[in-house]
There are 2 protein chains.
Amino acid sequence: MVQKQDLETDFDPNETPTGKYKAGKIRDENIANILQAAEEVFVQYGFKGTSIQAIADKANIAKANVHYYFKSKSNLYVAVLGNLMHLWNDFFDQVTEDDDPATVLDEFIRKKVALSYSHPRASKLFAMEIIQGAPHLKDYIRTDMRQWVRTKAKVIQSWIDQGRMAQHVDPVQLIFLIWSSTQHYADFEEQVLTIMNCAEYEQEMIDNISNFLSQMILTGCGLTPPQR
Amino acid sequence: MVQKQDLETDFDPNETPTGKYKAGKIRDENIANILQAAEEVFVQYGFKGTSIQAIADKANIAKANVHYYFKSKSNLYVAVLGNLMHLWNDFFDQVTEDDDPATVLDEFIRKKVALSYSHPRASKLFAMEIIQGAPHLKDYIRTDMRQWVRTKAKVIQSWIDQGRMAQHVDPVQLIFLIWSSTQHYADFEEQVLTIMNCAEYEQEMIDNISNFLSQMILTGCGLTPPQR
DNA sequence: CAAAAACCTGACCAAATAGACAGAAAAATC
DNA sequence: GATTTTTCTGTCTATTTGGTCAGGTTTTTG
């Protein structure tokens with residue numbers, strides 16, 4: 001009862017049962033099922049607006065069974081958030097001052113756009129959480145995320161100091177710009193698609209978007225976009 | 001009972017009383033008060049998550065009195081949305097092919113950033129609505145907003161055709177980029193401020209942000225940012 | 001095939017919810 | 001100051017909410 005809970009406190013489902021018997025393929029499947037359903041409903045209605053019943057319906061299980069795996073709504077919500085937070089820092093991560101700015105930024109932008117395409121709901125849920133004041137992610141932002149930004153900003157600054165990027169670029173603002181411009185395609189999907197009169201994104205659009213943003217931002221930084 | 005309701009259908013409070021007596025300073029004040037309170041609560045908890053009671057509390061009136069002015073929750077929500085939609089199209093509006101791209105874009109960017117600063121909640125509420133699939137704004141986006149974008153895109157395209165802007169700029173994507181990068185500072189305020197370790201925006205930061213984005217985007221378009 | 005553990009769920013509860021409504025209070029008009 | 005109209009609110013109802021729990025069913029293990 002006091003096992004791993006101590007480390008990842010809230011980010012986990014109910015502690016697994018006593019453990020003598022098989023801890024559970026069933027368990028894993030159900031948890032995955034619930035998390036997936038919860039993600040969809042939370043995105044659509046927000047934390048407060050989401051009912052456990054709605055999640056249970058979407059997951060095709062009884063409401064009480066959701067509570068069997070997650071002891072409270074906020075427990076489940078935090079689990080959903082935690083489940084997708086790992087997507088954020090996965091790349092752009094082992095960058096050094098010696099790397100080529102153009103290559104790195106180009107790749108970063110493309111990966112972020114690809115992420116918007118592959119995990120739109122993750123991006124949306126994160127956005128909603130922040131817009132509402134980040135009640136569940138304040139700590140994460142203040143510690144991990146801030147640190148991440150500082151580290152990357154330092155590398156970018158060194159590129160500028162080395163004369164490899166335009167003087168006017170503020171590294172932190174640049175990171176914000178890349179975040180905002182790429183996530184926009186996930187978060188504002190509805191708006192973007194409606195205005196462009198498209199039913200859904202296609203690979204070709206994603207490539208165009210990536211090309212555009214990469215061109216635009218790299219040029220803005222005084223860099224020459226890599227050939228492709 | 002069938003008066004102006006026909007035009008702006010849902011965007012209005014309850015029809016004013018019969019009208020023989022003074023239609024109401026009290027009325028106007030209360031409606032403004034409710035709209036303001038509703039805006040705050042809707043942003044914080046989303047449409048479904050917001051209770052009329054919470055709005056009434058924030059407005060310091062009885063719950064039933066909210067229903068006296070707005071017949072339903074969604075009626076009130078739509079009124080709040082409508083009340084802030086006018087902010088969007090207010091500027092960048094009488095632009096022509098003959099204007100100077102750099103001047104126009106610079107001004108557009110600055111005005112959008114200023115708007116993020118002056119009306120952060122409006123931006124946030126709009127963002128939440130879109131993220132959740134724009135259930136109340138689909139029509140507006142498909143008609144007015146799409147038309148607005150097309151008109152502006154045409155002007156930008158003509159600048160490109162005249163050789164006054166870089167070839168690689170897709171006008172619609174450019175508009176998206178300006179929207180996303182500027183609104184980010186309102187919508188993700190919590191994240192931005194936390195990472196920058198600031199308590200709140202100050203005019204100086206807003207200027208820096210504007211300068212950065214203007215420099216970046218204009219340079220990206222192959223334009224020379226106007227002197228200031 | 002038992003017994004133990006994991007999994008499941010219908011029934012229940014207290015609290016909160018959107019909204020209706022009758023009638024009280026306040027204001028505006030004459 | 002009387003009356004008409006607007007404004008206000010306490011009370012009520014229906015439904016939904018998060019969460020509990022006792023007891024059922026299924027699976028795992030030996």
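Just so we're on the same page: letters track the sequence lines, and every chain starts at 1. The analysis underlying the following values was restricted to heavy atoms, covering all of them including side chains, and did not include hydrogens, waters or symmetry mates.
In this entry the distance linking CG of A:Asn65 with P of D:dT27 reads 13 Å, nearest Å. With rounding to whole Å, B:His67 atom NE2 is found 15 Å from D:dT11 atom C1'. Atom P of nucleotide D:dT28 and atom CG of A:Asp28 are separated by 12 Å, given to the nearest angstrom.
For A:Ala64 and A:Gln53, each mapped to the nucleotide of DNA chain D holding its nearest heavy atom, the one lying further toward the 5' end belongs to A:Gln53. Between B:Ile26 and B:Ser51, the residue whose closest nucleotide on DNA chain C is further toward the 5' end is B:Ser51.
Note on A:Tyr68: every side-chain N or O is 4.0 Å or more away from OP1 and OP2 of C:dC8. For B:Tyr69 and D:dT6, the shortest distance from a side-chain N or O to OP1 or OP2 is not below 4.0 Å. Of the side-chain N and O atoms in A:Arg27, one or more sit less than 4.0 angstrom from OP1 or OP2 of C:dC7.
A donor-acceptor contact shorter than 3.5 Å is absent between the side chain of B:Glu39 and the backbone of B:Arg121.
Comparing atom distances between the B:Asn30 side chain and each of C:dG19, D:dG19, D:dT7 picks out D:dT7 as nearest. Distance from the side chain of A:Ile61 is smallest for C:dT9 among the nucleotides C:dG19, D:dG18, C:dT9.
The shortest distance between side-chain heavy atoms of A:Phe126 and B:Gln191 falls below 4.5 Å.
In this structure D:dA14 sits in the syn conformation; its chi angle is within 90° of 0.
Using N1 to N3 plus N6-O4 or O6-N4 for Watson-Crick, or N1-O2 and O6-N3 for G-U wobble, each under 3.5 Å, C:dT17 pairs with nothing. Across all strands shown, D:dC8 is found opposite C:dG23 as a Watson-Crick or G-U wobble partner, with both distances under 3.5 Å.
Side-chain atoms of B:Tyr185 and A:Gln173 include a donor-acceptor pair closer than 3.5 Å.
Atoms CD1 and CD, from A:Ile141 and B:Glu190 in turn, are 6.5 Å apart once rounded to the nearest 0.5 Å.
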